[in-house]
Undergrad: 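Sharing a structure, written as structure tokens. Questions coming.
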Amino acid sequence: MSAPRTTLARVTDDLRDAPRGPVSAGGGGFGSLTPERARVLLFVAARASAITLLLIFAVVFGTLLAAGSGLSGASGAIAASWLAVHQVPLTIGRTAIGLWPLLPTGLMLWLVARECARAADHCAAEGECTPTDLAWIAGAAVGGPLLVTAVCLAVADDASAVVALQPPNTSVAFAWVIALHLLAVIAGVGLRHWRDFTDLLPIPLPHWVVPGVRAGFRAVWRLLAVAAVLTLVSFLVHWPRIGDTYHYAGNFWGALGLTLLSLAYLPNALIGAVSVLLGGEMHIGAGSLGVFGIDGAPVPAVPLLAAVPSGPVAVWWFVLLVAPAAVGVLGGLECGRNTGDSPRAPWATLTSAGVAAVLLTVLGLPAGGDLGTFGWIGPNVAVAAALAFLWLAVPGYVGVVGARWFAPAPPAEYDYDDDAGYDVEYEDDAYDDTEYEEDYYEDDDEYDYYDDDPGQVVEVDGELLDDDPELFREVHRAPDDDSEILDAEVVEGDH
């Protein structure tokens with residue numbers, strides 16, 4: 001006759017036989033590729049690319065039909081348009097084009113970022129996102145567009161016999177696709193689940209990093225807003241010249257094409273205007289545009305570039321330098337009031353200046369390029385990034401000093417937890433000092449586990465149970481009619 005089983009053995013058997021939910025590697029998420037997760041990853045890989053291709057089809061066929069041309073070169077135009085959306089330099093005939101509009105690229109990356117954010121939300125709903133889960137999302141976001149790019153490169157190679165389109169460099173094309181889509185993954189997942197990225201770091205982030213990054217993003221948005229106002233004023237001032245560009249349109253469809261082309265290149269113009277605001281230069285072929293001087297040069301006859309001032313430089317243009325200085329002071333005031341920045345340790349302010357410089361570099365690189373006989377058009381990225389750091393760091397430091405001396409910061413809403421490495425918010429009545437007690441009895445080797453109700457104690461004789469909530473619930477649950485009664489009793493605690 002076998003010995004009677006102990007209470008712990010019976011509980012272990014019950015837990016082993018109890019129904020379990022789906023278990024995946026990595027603690028949930030996409031570590032185990034179930035059909036539901038495969039569907040989510042398929043959307044990440046295909047939906048944004050499918051929408052982009054659908055819009056390209058509509059634009060290409062609409063343009064060919066409006067121009068009365070044949071459809072023999074439609075496949076090559078579609079392939080070239082896909083590559084152009086990904087900022088891949090192309091050579092059409094003898095004209096090298098590396099300056100492509102940023103608006104279609106931005107819309108495509110927004111679609112990719114949204115799909116990646118949804119996939120991360122699905123992953124977080126099942127558990128914590130692990131590096132394996134993030135790798136699945138990034139692989140799906142990059143793998144789908146790479147497959148479409150490979151097909152478009154093959155189509156462009158075949159279409160070169162029909163249309164004057166030279167196949168681009170394969171390595172350059174794949175590099176642009178990978179870089180842009182990885183950027184969309186970081187933006188989509190990082191804005192919602194930035195803690196999952198910080199968990200991958202070997203050491204905790206200092207408390208001033210996240211506020212500094214946010215301040216850097218806000219500074220870039222403010223510079224772009226000021227640049228948009230400046231561009232609008234330039235449009236109004238040069239309105240007669242802009243109207244003259246439509247004389248070359250020919251008909252309604254030509255005027256509509258010029259308008260849509262100008263709107264597509266508007267982000268490029270805003271980034272160039274930011275470079276001018278910072279004191280840098282916007283190169284237009286052999287000429288340049290800046291606050292300190294203008295060198296005239298031929299420009300394409302499109303409404304957007306007709307708003308470029310032709311000179312000479314007016315004295316009041318130096319007032320434009322007040323804009324980046326004001327943005328820097330405002331960022332320093334915010335960092336001084338909302339973070340631990342002080343005149344001796346302005347780390348969040350310096351972080352915001354560095355982040356803004358990196359963002360303007362990332363935006364400026366695709367904003368410029370070769371445009372046939374006109375030459376290279378775009379901002380001087382290196383100078384603009386260096387000036388952005390100086391404008392946001394030096395006036396930002398002035399803002400930090402002003403925030404500490406003249407406008408003392410209110411009690412901080414965020415404190416830094418050295419163990420977790422994150423910002424922890426403390427408010428009145430945000431937490432209560434609940435005390436959890438564990439009583440160990442050396443004589444009887446008994447262990448008392450306190451439930452959420454401090455008035456009851458579950459006492460399991462002779463066994464020391466792990467403080468696992470699932471195990472505790474199994475001990476505390478009411479047994480079925482035909483199940484074995486557990487040897488546990490509920491006693492009143494002395495509380």
Side-chain angles (χ1 to χ4, degrees), residues 41-64 67 69-113 115-116 135-186 261 264-265 268 362 365-372 376-378:
L41 293 176
L42 180 62
F43 283 147
V44 174
R47 181 145 60 182
S49 299
I51 294 175
T52 303
L53 285 175
L54 181 62
L55 294 177
I56 289 175
F57 269 87
V59 171
V60 169
F61 281 100
T63 303
L64 292 177
S69 303
L71 301 179
S72 58
S75 60
I78 292 172
S81 299
W82 171 267
L83 297 173
V85 169
H86 289 84
Q87 302 295 315
V88 178
L90 298 175
T91 301
I92 301 175
R94 295 183 178 180
T95 303
I97 302 179
L99 177 61
W100 297 110
L102 284 180
L103 183 61
T105 304
L107 293 177
M108 179 200 64
L109 295 182
W110 175 74
L111 291 174
V112 176
E115 293 298 331
C116 293
W136 273 109
I137 296 174
V142 174
L146 279 179
L147 179 61
V148 179
T149 303
V151 174
C152 289
L153 289 173
V155 172
D157 191 13
D158 293 338
S160 61
V162 180
V163 296
L165 174 64
Q166 298 183 16
N169 186 289
T170 303
S171 301
V172 174
F174 284 153
W176 272 107
V177 173
I178 293 173
L180 290 176
H181 286 269
L182 283 181
L183 183 64
V185 172
I186 295 173
L261 186 64
Y265 276 103
N268 303 62
V362 172
L365 288 176
D370 291 323
L371 191 60
W376 196 87
I377 299 178

Undergrad: Can you list everything that forms a side-chain contact (heavy atoms from CB on, under 4.5 Å) with Ile178? Sequence neighbours excluded, please.
TA: Val142, Leu146, Leu182

Undergrad: CG of Asp158 to CG of Leu153: how many Å apart, nearest 0.5 Å?
TA: 11.0 Å

Undergrad: To the nearest 0.5 Å, what is the distance between CG (Leu103) and OH (Tyr265)?
TA: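 OH of Tyr265 is found 11.5 Å from CG of Leu103.
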
Undergrad: Leu180 vs Leu109, test: side-chain contact (heavy atoms from CB on, under 4.5 Å). Steps then yes/no.
TA: CA-CA 7 Å; Leu180 290 176; Leu109 295 182; 4.0 Å; yes

Undergrad: Is the shortest side-chain heavy-atom distance between Cys116 and Val112 below 4.5 Å?
TA: yes

Undergrad: For Ser81, what residues pass the side chain to side chain donor-acceptor pair (under 3.5 Å) criterion, not counting sequence neighbours?
TA: none

Undergrad: Which pairs with one or both residues in residues 79-106 pass ring pair (Phe, Tyr, Trp, His ring centres under 6.0 Å), sequence neighbours excluded?
TA: Trp82-His86, His86-His181

Undergrad: Considering residues at least two apart in sequence or located in another chain, which fulfil the side-chain contact (heavy atoms from CB on, under 4.5 Å) criterion with Pro89?
TA: Val172, Trp176

Undergrad: Hey, could you give me each pair passing salt bridge (Lys or Arg N to Asp or Glu O under 4.0 Å) that has a residue in residues 46-64? Not counting sequence neighbours.
TA: Arg47-Glu115

Undergrad: Who passes side-chain contact (heavy atoms from CB on, under 4.5 Å) against Thr63, sequence neighbours left out?
TA: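 Partners of Thr63 by the side-chain contact (heavy atoms from CB on, under 4.5 Å) criterion, ordered by chain and then number, come out as Val59.
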
Undergrad: State which residues pass side-chain contact (heavy atoms from CB on, under 4.5 Å) with Asp157; sequence neighbours excluded, sorted by chain then number.
TA: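 Once residues adjacent in sequence are excluded, the partners of Asp157 under the side-chain contact (heavy atoms from CB on, under 4.5 Å) criterion are Ser160, Pro167.
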
Undergrad: Sorted by first residue and then second, give each salt bridge (Lys or Arg N to Asp or Glu O under 4.0 Å) pair with at least one member in residues 169-185; sequence neighbours left out.
TA: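 Those involving residues 169-185 do not exist here.
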
Undergrad: Does Thr52 reach the main-chain N or O of Met108 with its side chain, forming a donor-acceptor pair under 3.5 Å?
TA: no

